[in-house]
Each structure stands twice: as C-alpha cells, then as structure tokens.
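Everything below concerns the one structure shown next.
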Amino acid sequence: MTRSGLTHESVWMRYFALGGTAGPLETEAHIAGLVPLPAPESDVLAHAVNELLDEQTPRERVPYSRVVREPTPEGGLLGALVTALAGMHLAPPERLPTVVARAGTALGAQIGLYLIDYEQQYLRPLPGPHASTEPLGVDTSLAGRAFRTLETLSTQAGGRTRLWVPLLDGVERLGVLEVVLDPADGDDPVLRSQLRWLSTLIGHLYSITTNYGDKLDGVRRRQRRSTAAELLWQLLPTTTAATDRVTVAGMVEPCYTAAGDAFDYSLSETTAHLAIFDATGHSLDSSLVGAMAVSSYRSARRDGATLFDQARAVDEIIGTESERTGRYVTSVLAELDLLSGRLRYISAGHPYPLVVRRGKVVKSLDRGQRTVFGMPFRDLTVGEEMLEPGDWLVLYTDGITEARGVDGTFFGLDRMQDFIEKEITAGHAPPEMVRRLIRRVLEHQREVLQDDATVLVARWGDLSRELTP
C-alpha cells in the first residue's frame, strides 16, 4: 500500500462496496498488524486491495520478436485437463481412475469414480487410488441425488469436504465423481466450475476408451448379459442425447436378457429422426431380426431416404427374413422438424405414440399406419402432427403396458399415462423420467419382466439449460 500510494480510506471504501462488514478503524488496525479479522473478512479486504492494485498497475510487457508461449501447465484447471488427456493417451480403459486421481492432484483434490450400472439403480465404484468399495443407491444416497438432478452436492465429515459431481459425456449420465477437499475449498464456486469441466472431459475419455476395452464396461454389469441382449446393446445409441432444440432419452429392460426390442435416433440442426422396434418372440432369432430392422432403417436414413422409403427398406429386409424365422417387427418411425415442430410418422402395427403437452397426455397419434414389417400390406399412410414448444413425444413397446402384476393386472395404458403426467409435472428431465418409468414397470412385475419393455421420449423446444449441470 505504501509503494502504490493507496490510502486507508480508498481501501475501506472498496472493501465496504464488496460486502465487508468491519469498520474503517478495524480495517486500518488489521492492515497495521494490530487487530486480527475473521478469515472471510480478511479475504474481502485482500481482494479490495488487489482490485485497486490491478487498476493502478496494468500488466504490460515488452514484446519479443516472436510469440513466447507458456510451458505445459502443472497445476490448476488447465494442468488437470492436460494431465487427463496425456495420461489416457495409449492407455487401456482401466487406467482411467489412476489418471483421474493425478488430475485431481493438480486441483488440490482427491477424486474417485463411480459408474452407473445398466439398470440405473446403483453407482458402482471403480478401483483406483481413492476408490471406495461399496456401491451407492441412485434413489437412496446423496451421490445418487447428484446423478438424478445433475447438481453438485456436498457434505462435511472428519474435517474434510466431500463433493459429488455428475459425470457426463455430453448429456449422457455415466455416474459421479467423489471429490474430497479441504473445507476452505468446498464452497469455492470457481473450483466447482472447474470440477464440472474436468468431469465432462473424464466422461468423454470413458466413452472413448470403452470402444476398445471391456474392463470399465464390466463394472457397470451386475450379471451376465445374454447373447441376444449383447447383440442389441451393440446397436443401441447412447441412452440420452440432446441439442439446444431437442432432448432424447431411451431405455430397454431387461437389460441383460432383452431379445427383440430396440430404439434408434439421429439429431441434426433441423431434424430429429426417431424409431422404436419390437421383433416378435423372445429369442436370439428375435434379436437378429430386430438388429436387421435397426440396421436397414439406419442405412436408409443415412442415405437420405424419405420416411416412406425408410419404412420400405425395413419391410423388405424383414419380409425376406420372416420366411426363415417366422418373425415380424412392429415399429414407429418418425421425423420431427426442429424448426417448425412438424412431426411425420408411421406406425407399423405398433402402439401409437403419445403427445404430452403442459403435463397432460393430449393425443394418441393414430393416423400414420401400415401392417407390421414383414407382412404383406396394401396401404401405407404417413401421419402428420404439429407439436408445440415444450411438447413431449413418447414411443413405447407393449412390454410397458402389458407388464403383469402378481394379481394378474396389467400395468396398462392409463397407469402409464398417469405416471408420465405426474413425472413431467414434477419437473423431471427426459432421462430421469424414463429411468423412473422403467423402475415403476419393474416394481409392478416384481422385477421380472415377461417381455421386453422399451421407451423412447423426445422433448422439443429450447432446452439449452435443461441438462446443464
């Protein structure tokens, strides 16, 4: 202060403007080293002085003949990000927890990883330097709440602060980070923001590395997956995806023994392509036929085929295969114009899609129809509907409505609609609503489904903030 010519009056005025509560005499005595201030007040006073110093001495440098770049950072956010990227270069997937722990050191934190299981019931710890040993319930733990709500949540114990940070790849929920910090850092908003950036990178690295290794994927499995289910899972897209105009979420159960159900989608600036399939039967042949349906649909869609031609492509391949297996496929194919809300759809012998508007099911879309894929047909109509911003489109298989309780009652369309309306009214985002619906169906049938149960939902409108943690 002496060298810069700052006065006690100017410092106190800035300190007071920043929210400081000590008086002028107290701050002057503190600066002189005579009276201590509480740490938060001392920090506000220090910030006031630093602001005044920044205003008086702008950072100017003499230029070099070329740009001189900073060396590789070792600390802070950039150091953590570089550590994660460099550490996973040429690394097998199971090295991720160790690399994440090193990245956490750059931020002054201990970081452990939990991955969500495929049923989305438990967060399972990854072995690593800061690993726990017990899984955490999605519906019964603070970590689970962070996963469900995409909020960073904290607790204090043993003189340390523990943060639970959602682990995402884009908007796909993969699990949580367990971050242990000194208490003084627990409420630092800048650090919390940095942890979210690091979490996003870790989510990307997880998704990339599991494309060439099985170890991390194995943590998410609670039991062996059947051959039929493995075939379908290799075809499914991520369970959640979004742009600033639409959010899509889907789920298939039973995730270890599914055989025939599948969903697919594709998002662009202007269009959301959506599809759901249900091959008859529940066997490896059913999965093979379902895989053929998805692949033929995907091939036609990527070639730029119209909705009519997409349906024809699926019908041709299933018709040929049904002569051998006797299997057919029900389906809904849909295209949503993300600029206007115009929806075009075809239902091939499948349960009709639902439109939910302002928390109420307002329509069952029954105008676009044809027979199931693989059977001869004479007429095909493409249905059209205009959606409003904020509308939900719900596609589902009959395994949802026909799930039978121990007393013989079906879950039913009315029960499903009522549940969806309550969940949307409660403010749940699409992936959480889908997770909760599937859980409710499983509970109705005492955790043992007699048929595959699949749901795919899309919400149209300006959703730029909905899935941002």
Side-chain angles (χ1 to χ4, degrees), residues 80 83-84 87-88 91-169 172-182 185-186 192 195-225 233 238-240 255-256 431-432 435 439 469:
T83 298
M88 289 307 294
E94 59 266 35
R95 196 177 297 168
L96 183 63
T98 300
V99 172
V100 169
R102 293 173 185 163
T105 300
L107 289 176
Q110 295 179 3
I111 301 181
L113 279 169
Y114 286 76
L115 295 178
I116 188 67
D117 65 7
Y118 280 104
E119 300 100 311
Q120 297 197 13
Q121 294 186 54
Y122 292 96
L123 292 159
R124 299 172 65 84
L126 277 177
H130 306 303
S132 178
T133 58
E134 297 297 324
L136 303 173
V138 170
D139 295 304
T140 58
S141 67
L142 192 65
R145 181 181 164 195
F147 173 85
R148 298 193 317 267
T149 63
L150 299 184
E151 296 179 88
T152 297
L153 303 176
S154 64
T155 57
Q156 301 249 351
R160 304 281 276 172
T161 295
R162 178 174 279 101
L163 300 181
W164 298 102
V165 183
L167 178 64
L168 304 173
D169 178 19
E172 172 81 347
R173 302 184 301 178
L174 299 174
V176 295
L177 301 183
E178 180 185 22
V179 184
V180 180
L181 304 160
D182 290 330
D185 296 326
R192 288 192 175 210
L195 287 168
R196 287 195 295 271
W197 281 104
L198 179 60
S199 173
T200 299
L201 177 60
I202 294 168
H204 289 324
L205 293 172
Y206 165 84
S207 296
I208 292 167
T209 56
T210 50
N211 286 329
Y212 59 81
D214 298 332
K215 290 294 185 179
L216 297 186
D217 182 75
V219 173
R220 300 181 64 183
R221 301 186 184 208
R222 295 169 58 197
Q223 57 182 281
R224 181 186 175 275
R225 185 179 282 161
W233 271 96
T238 58
T239 58
T240 308
C255 61
Y256 299 112
E432 182 60 14
R435 187 189 75 86
R439 287 301 313 146

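FYI, side chains are in, hydrogens and waters are out, and symmetry mates aren't considered; it's all heavy atoms of this structure.
- The two residues Pro97 and Pro129 come nearest to each other via the heavy atoms O-CD, 3.9 Å.
- Listed for the Tyr206 side chain is no donor-acceptor partner under 3.5 Å among the backbone atoms of Asp169.
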Go through the steps for Leu205 and Leu96 under the test side chain to side chain contact (heavy atoms under 4.5 Å, CB included), then give the verdict.
CA-CA 8 Å; Leu205 293 172; Leu96 183 63; 4.2 Å; yes
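- Within the structure, the salt bridge (charged side-chain N to carboxylate O under 4.0 Å, His left out) test picks out the following pairs touching residues 136-150 (sequence neighbours left out): Asp139-Arg435.
- Pro166 approaches Ala146 most closely through the heavy-atom pair CG-O, 3.6 Å.
- In this structure, Val179 and Thr152 have side chains that are not in contact, with every pair of non-hydrogen atoms separated by 4.5 Å or more.
- Under a 3.5 Å cut-off, the side chain of Gln110 and the backbone N or O of Ala101 do not form any donor-acceptor pair.
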Under the side chain to side chain contact (heavy atoms under 4.5 Å, CB included) criterion, do Leu168 and Leu150 qualify, and how do the steps go?
CA-CA 9 Å; Leu168 304 173; Leu150 299 184; 3.7 Å; yes
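- Across every non-hydrogen atom of Glu172 and Thr240, the tightest pair is OE1-N, 2.8 Å.
- Because its NZ or CZ atom is both nearer than 6.0 Å to the ring centre of Phe147 and within 45° of the ring axis, Arg173 counts as a cation-pi partner of that residue.
- More than 12 heavy atoms of other residues, nucleotides or ligands lie within 6.0 Å of CG in Asp182, so this atom counts as buried by the packing criterion.
- In this structure, the side chain of Ser199 does not engage the main chain of Leu195 through any donor-acceptor pair within 3.5 Å.
- Using a 4.5 Å heavy-atom threshold, the side chains of Arg95 and Thr209 count as separate.
- A 4.5 Å side-chain heavy-atom check between Gln120 and Val138 finds every atom pair outside the cut-off.
- At least one side-chain heavy atom of Leu177 sits under 4.5 Å from a side-chain heavy atom of Leu113.
- Between Ala84 and Leu201, the shortest heavy-atom distance links the atoms CB-CD2, 3.9 Å.
- Salt bridge absent: Asp117 and Arg221 never bring a charged side-chain N and a carboxylate O closer than 4.0 Å.
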Chi angles and distances behind the side chain to side chain contact (heavy atoms under 4.5 Å, CB included) call for Leu115, Leu167
CA-CA 8 Å; Leu115 295 178; Leu167 178 64; 3.9 Å; yes
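- The closest side-chain heavy-atom distance from Ser154 to Arg192 is below 4.5 Å.
- Side-chain contact between Asp217 and Pro93: absent, with no pair of heavy atoms (C-beta onward) separated by less than 4.5 Å.
- At most 12 non-hydrogen atoms from other residues, nucleotides or ligands lie less than 6.0 angstrom from OH of Tyr122.
- Surrounding CZ of Arg102 are at most 12 heavy atoms belonging to other residues, nucleotides or ligands under 6.0 Å away.
- A donor-acceptor pair under 3.5 Å links the side-chain atoms of Thr200 to the main chain of Arg196, judged by distance alone.
- Put simply, CD on Glu178 and CG on Leu126 are 12.0 Å apart, with the number rounded to the nearest 0.5 Å.
- A pairwise comparison of heavy atoms in Ser141 and Gly137 identifies OG-O, 2.6 Å as the closest pair.
- Between Gly104 and Ile111 the shortest heavy-atom distance is CA-CD1, 3.5 Å.
- Here the CG atom belonging to Leu123 is positioned 8.0 Å from the CH2 atom belonging to Trp164, to the nearest 0.5 angstrom.
- Residues Arg124 and Arg220 are not in side-chain contact: their nearest non-hydrogen atoms beyond the backbone lie 4.5 Å or more apart.
- Looking at Pro125 and Thr133, their side chains never come closer than 4.5 Å, going by heavy atoms from C-beta outward.
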